[in-house]
Amino acid sequence: MISTKPRVRFAPSPTGYLHVGGARTVLFNWLYAKNTGGQFILRVEDTDQERSTREHERMQLEDIKWLGFSYDEGPEVGGPHGPYRQSERLDVYAKCAGELIANGKAYYCFCSEETLEQKRQAAMAAGAVPQYDGTCRGISQADAKARVGKGEKAVVRFLAKVKDYKLDDLVRGEVLFPANMVGDFVILRQGGMPVYNFCVVIDDHLMQITHVLRAEEHLSNTVRQMMLYEAYGWELPRFGHMSLILGSDRQKLSKRHGATSVHQYAEEGYLREALLNFLVLLGWSSPTENKEIMTIEEMVRDFSLDRLNPAPGVFDPVKLKWMNGQYIKALPLADVTARALPFLEKGGIPVAKVERAWLERAFDAIRPYLETLADAPKHMRLFFDETYGVEPDAVAVKAEPTYAAVVTALRDALKTHVSAHGDALTGDEFGKIQDQVKTASGAKGKGLFMPIRVALTGHAHGPDLKILIPLVGAKRAAARAEKALG
RNA sequence: GUCCCCAUCGUCUAGAGGCCUAGGACACGCCCCUUUCACGGGUGUAACCGGGGUUCGAAUCCCCGUGGGGACGCCA
């Protein structure tokens, strides 16, 4: 081994948006590369022509980019081991498969899919592992070539060795695959398109991948891949099979559990930092005990394979939401406000019409109420909507005996302020206005503050009035009080 | 069905034979802060799947059972 630096990869198949499980796989691979000073390669596994599209690939790459990951080699960016799209490497696979056929390690199979399916069903029913029965194994190379030459449909199968295989898995330890676990598997489909289990081996070897970190669903595939490595005499990379992400019913996380794509979370107002922080904790634990909220830099610094949890984990959207709220509160104000902009616009908040500094102050006031950025418009409306009504839980306040007196005094005080100082109003000044209202109306405590709040906002709850009202301004506040009286 | 993997509070997890009366986080209850709510702080409820071993000693090691998951494709 000349290169000691790890080379890891993420190899998505472009069949839709990036799944959160995939996102975690990218994250762990990327973290491992960054932590060790290694390289991160992206390879597109698009040999399933039925489902793979360029559009899906674009979507996935966009999601990966949104999460903040970049790769050292891959489609678009290129690299010394390209191309990085399997559909563009067909010649490589054909050559490699040819080698196997030539030395008798693979053979043509002419069995029809229907026959195979029947045999599979029969085997399952009989309680046996359904695997290829070797019907075409005996056909001589010359005969097979002749039949193929005449245009007969055939696939190419790998001649599986009957022996035990032992895998030293990075997260599971020693895994034993007993002999006969798999039969002769297909490496080239009818028409010559190669199959996943074949391509990964060729590519991981040629691309000099040192560590294959992927989801557990690939664990039992690994034995096929080991057979291939053995057939070629290639050195095995290290494998690490990470546990699956489950839904609340402990089934593999899927669409019926709700949002499962990164894209969807982005659209719902989740921050990439929060999503990543949540995901890193699903199946991996920080070496710093009791530390859950961590920056990307800390993740990179602390990441290690030996803290990967072999047990599957349930995806808890409630905790994700909480974490997102933590990030909304902790991130620099200008940054979060900027990220909230599209959500505010979409929610009908005329962000373009107000000054950015004012907007940031207003956003800061509602921040503690947010779990996602998509929550922002409804809280922001407080500063923009002059047509608000009284919320159901605030209606009772209007019936308070002090209500009319308080709101009248409030309106008068506000109007006086406007004629003396104009629209500008500080928190202290509003505090003084409240004192005046108290004196004028004789109300105090809840009887004083609730009518003010409800008259000015329509809500029984909300941010501190001394922060809120200065942002609204004395003129609009006076108008609101006036309106509340009518 | 067969094979493989897995098993600590409802959930994510700490725990690498004595530090465990099992720690943290989310969620939930209560209290404080706030003349509101949210945020924040405090506090409480809550778990080692079962059975056998090994050991002076087991959540930690071994075996069996049970439960869950995955794979068995010309999908990846």
Side-chain angles (χ1 to χ4, degrees), chain A residues 11-15 45-48 50-52 86 109 111 113 116-117 120 123-131 153-157 167 169 171-173 175-178 180-183 185-191 193-197 199-200 214-223 241 243-244 246 248-252 278 281-287 289-293 306-307 309-323 325-326 329 365-370 379 393-394 397 444-450 452-454 457 459-465:
Chain A
S13 64
T15 55
E45 310 216 318
D46 55 352
T47 54
D48 182 354
E50 305 275 296
R51 299 192 300 154
S52 303
Q86 292 188 327
C109 168
C111 296
E113 288 191 65
L116 257 20
E117 184 53 31
R120 212 181 344 258
M124 285 250 212
V129 186
Q131 52 181 230
K153 300 263 186 241
V155 299
V156 174
R157 281 181 191 278
L167 171 68
D169 194 271
V171 354
R172 268 146 234 286
V175 178
L176 185 75
F177 300 107
N180 274 319
M181 197 174 149
V182 299
F185 56 93
V186 173
I187 58 173
L188 252 41
R189 305 179 237 247
Q190 266 183 34
M193 182 59 80
V195 141
Y196 165 75
N197 278 115
C199 299
V200 251
R214 42 147 70 148
E216 194 202 321
E217 53 192 328
H218 293 289
L219 183 57
S220 36
N221 279 323
T222 310
V223 66
H241 290 91
S243 55
L244 254 19
L246 272 26
S248 53
D249 56 358
R250 304 212 132 258
Q251 303 283 311
K252 195 167 157 181
F278 173 76
L281 258 17
L282 234 189
W284 179 80
S285 55
S286 163
E289 221 180 311
N290 303 339
K291 180 162 170 66
E292 293 210 323
I293 303 282
D306 56 11
R307 295 192 71 84
N309 187 169
V314 173
F315 187 92
D316 182 5
V318 177
K319 186 153 185 180
L320 206 210
K321 254 197 178 161
W322 167 80
M323 194 161 277
Q326 293 297 306
K329 286 184 268 290
I366 63 152
R367 241 170 153 184
Y369 294 86
L370 309 181
H379 288 98
D393 66 337
V397 174
K444 58 178 181 174
K446 219 177 165 186
L448 170 69
F449 290 95
M450 285 314 269
I452 296 178
R453 177 174 294 282
V454 171
T457 70
H459 288 81
H461 311 297
D464 190 341
L465 289 169

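Worth knowing before you read on, the calculation uses all heavy atoms, side chains too, and leaves out hydrogens, waters and symmetry mates. Letters A, B, ... mirror the listed sequences (proteins, then strands); counts begin at 1.
Spacing between B:G17 and B:U60 at atom P, rounded to whole Å, works out to 12 Å. Look at the C1' atom in both B:G18 and B:C61: the space between them is 15 Å, to the nearest Å. Comparing the same atom, P, in B:U11 and in B:C48 gives a spacing of 12 Å after rounding to whole Å. Taking the P atoms as reference points, B:C49 lies 10 Å from B:A7, given to the whole Å. For the C1' atoms, the distance linking B:G15 with B:C9 amounts to 14 Å, nearest Å. For the C1' atoms, the distance from B:U66 to B:G73 is 31 Å, rounded to whole Å. Across the C1' atoms, B:U2 and B:A16 are found 34 Å apart, a figure rounded to whole Å. Distance noted for atom C1' between B:G51 and B:A25: 33 Å (whole Å).
Nucleic acid contact for A:Ala460: base, since at least one base atom lies under 4.0 Å from a heavy atom of the residue. Using a 4.0 Å heavy-atom distance criterion, A:Asn309 is classed as a sugar-phosphate-only contact. Across all strands shown, A:Gly183 has no heavy atoms under 4.0 Å from either base or sugar-phosphate atoms. At the heavy-atom level, A:Gln326 lies under 4.0 Å from the strands shown only through sugar-phosphate atoms. Residue-level contact check: A:Gly462 touches the bases, meaning some heavy atom is under 4.0 Å from a base atom. A:Cys199 comes within 4.0 angstrom of nothing in the nucleic acid, heavy atoms only. At a threshold of 4.0 angstrom between heavy atoms, the contacts of A:Val155 include nucleobase atoms, whether or not backbone atoms are also involved. Base engagement by A:Asn221 is indicated by at least one non-hydrogen atom pair under 4.0 Å involving a base atom.
Checking B:U60 for Watson-Crick or G-U wobble geometry (two distances, each under 3.5 Å) identifies no partner in any strand. Using the Watson-Crick or G-U wobble rule with both distances under 3.5 Å, B:C19 pairs with nothing in any strand shown. The pairing partner recorded for B:A46 is none, the criterion being a Watson-Crick or G-U wobble arrangement whose two distances lie under 3.5 angstrom. Base pairing of B:A14: no nucleotide in any strand meets the Watson-Crick or G-U wobble criterion (both distances under 3.5 Å). Nucleotide B:C9 forms a pair with no other nucleotide shown, judged by Watson-Crick or G-U wobble geometry with both contacts under 3.5 Å. The base-pairing partner of B:A71, taking Watson-Crick or G-U wobble contacts with both distances under 3.5 Å, is B:U2.
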Please list, pair by pair, any protein nitrogen or oxygen found under 3.5 Å from a nitrogen or oxygen in nucleotides 2-4 of chain B.
| residue | atom | partner | partner atom | Å |
| --- | --- | --- | --- | --- |
| B:U2 | O4' | A:Gly127 | O | 3.3 |

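Partners of A:Asp306 according to the salt bridge (Lys or Arg N to Asp or Glu O under 4.0 Å) rule, which considers only residues two or more places apart in sequence or in another chain, do not exist here. Among residues two or more places apart in sequence or in another chain, the salt bridge (Lys or Arg N to Asp or Glu O under 4.0 Å) test is passed with A:Lys319 by A:Glu292. In this structure A:Asn290 satisfies the side-chain hydrogen bond (donor to acceptor under 3.5 Å, both in side chains) test with no other residue, sequence neighbours excluded. A search for ring-ring contact (aromatic ring centres under 6.0 Å, His included) contacts involving A:Phe177 returns nothing, not counting sequence neighbours. Listed by chain and number, the residues in a side chain to side chain contact (heavy atoms under 4.5 Å, CB included) with A:Leu116 are A:Cys111, A:Tyr132, A:Arg157 (sequence neighbours excluded). In terms of the side-chain hydrogen bond (donor to acceptor under 3.5 Å, both in side chains) criterion, A:Asn197 has no residue partners (sequence neighbours excluded). Scored by the side-chain hydrogen bond (donor to acceptor under 3.5 Å, both in side chains) test, A:Glu117 finds A:Arg120, A:Gln121 as partners (sequence neighbours excluded).
When the P atom of B:G10 is taken as reference, atom CG of A:Asp249 falls 17 Å away, rounded to whole Å. B:U34 atom P lies 16 Å from atom NZ of A:Lys446, rounded to whole Å. Whole-Å rounding puts the A:Leu116 CG to B:C74 P distance at 7 Å. Atom CZ in A:Arg51 sits roughly 7 Å away from atom C1' in B:A76 (whole-Å rounding). Distance, A:Leu188 CG to B:G73 C1': 15 Å, rounded to whole Å. If you take NE2 of A:His241 and C1' of B:G70, they are 11 Å apart, rounded to a whole angstrom. Rounded to an integer number of Å, the gap from A:Asp48 CG to B:A76 C1' is 8 Å. In this structure, A:His218 places its NE2 atom 15 Å from C1' of B:C72, rounding to the nearest Å.
The phosphate of B:A71 (OP1 or OP2) has no side-chain N or O of A:Gln131 nearer than 4.0 angstrom. Using a 4.0 Å cut-off, some side-chain N or O of A:Arg120 falls inside it from OP1 or OP2 of B:G73. The side chain of A:Arg172 contributes no N or O atom lying less than 4.0 Å from OP1 or OP2 of B:G70. Listed pair A:Thr47 / B:A76 meets the phosphate criterion, a side-chain N or O lying under 4.0 Å from OP1 or OP2. Taking 4.0 angstrom as the limit, A:Lys252 places a side-chain polar atom (N or O) nearer than this to OP1 or OP2 of B:A71.
Among B:C39, B:C74, B:A76, the nucleotide with an atom closest to any side-chain atom of A:Pro368 is B:C39.
Here the closest heavy-atom approach between residue A:Leu219 and residue A:His241 is recorded as CD1-ND1, 3.4 Å.
Between A:Pro310 and A:Met450, the one whose closest nucleotide on RNA chain B sits nearer the 5' end is A:Pro310. Sequence order on RNA chain B of the closest nucleotides to A:Arg250 and A:Ser286 puts A:Ser286 first from the 5' end.
In this structure, the separation between CG on A:Asp46 and SG on A:Cys199 is 9.0 Å, given to the nearest 0.5 Å. In this structure, CZ in A:Arg367 is found 9.0 Å from NZ in A:Lys329, a value given to the nearest 0.5 Å. Between the CG atom in A:Leu244 and the CZ atom in A:Arg250 there is a gap of 11.5 Å [rounded to 0.5 Å]. Expressed to the nearest 0.5 Å, how far OG of A:Ser13 lies from CD of A:Gln86 amounts to 9.5 Å.
The backbone N or O of A:Asp48 lies less than 3.5 Å from no partner atom in the side chain of A:Tyr196, so there is not a single donor-acceptor pair.
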Protein-to-nucleotide contact annotation, 5' to 3' order, nucleotides 15-27 of chain B [B base; S sugar-phosphate only; - none; under 4.0 Å, heavy atom]: S-------BBBSS

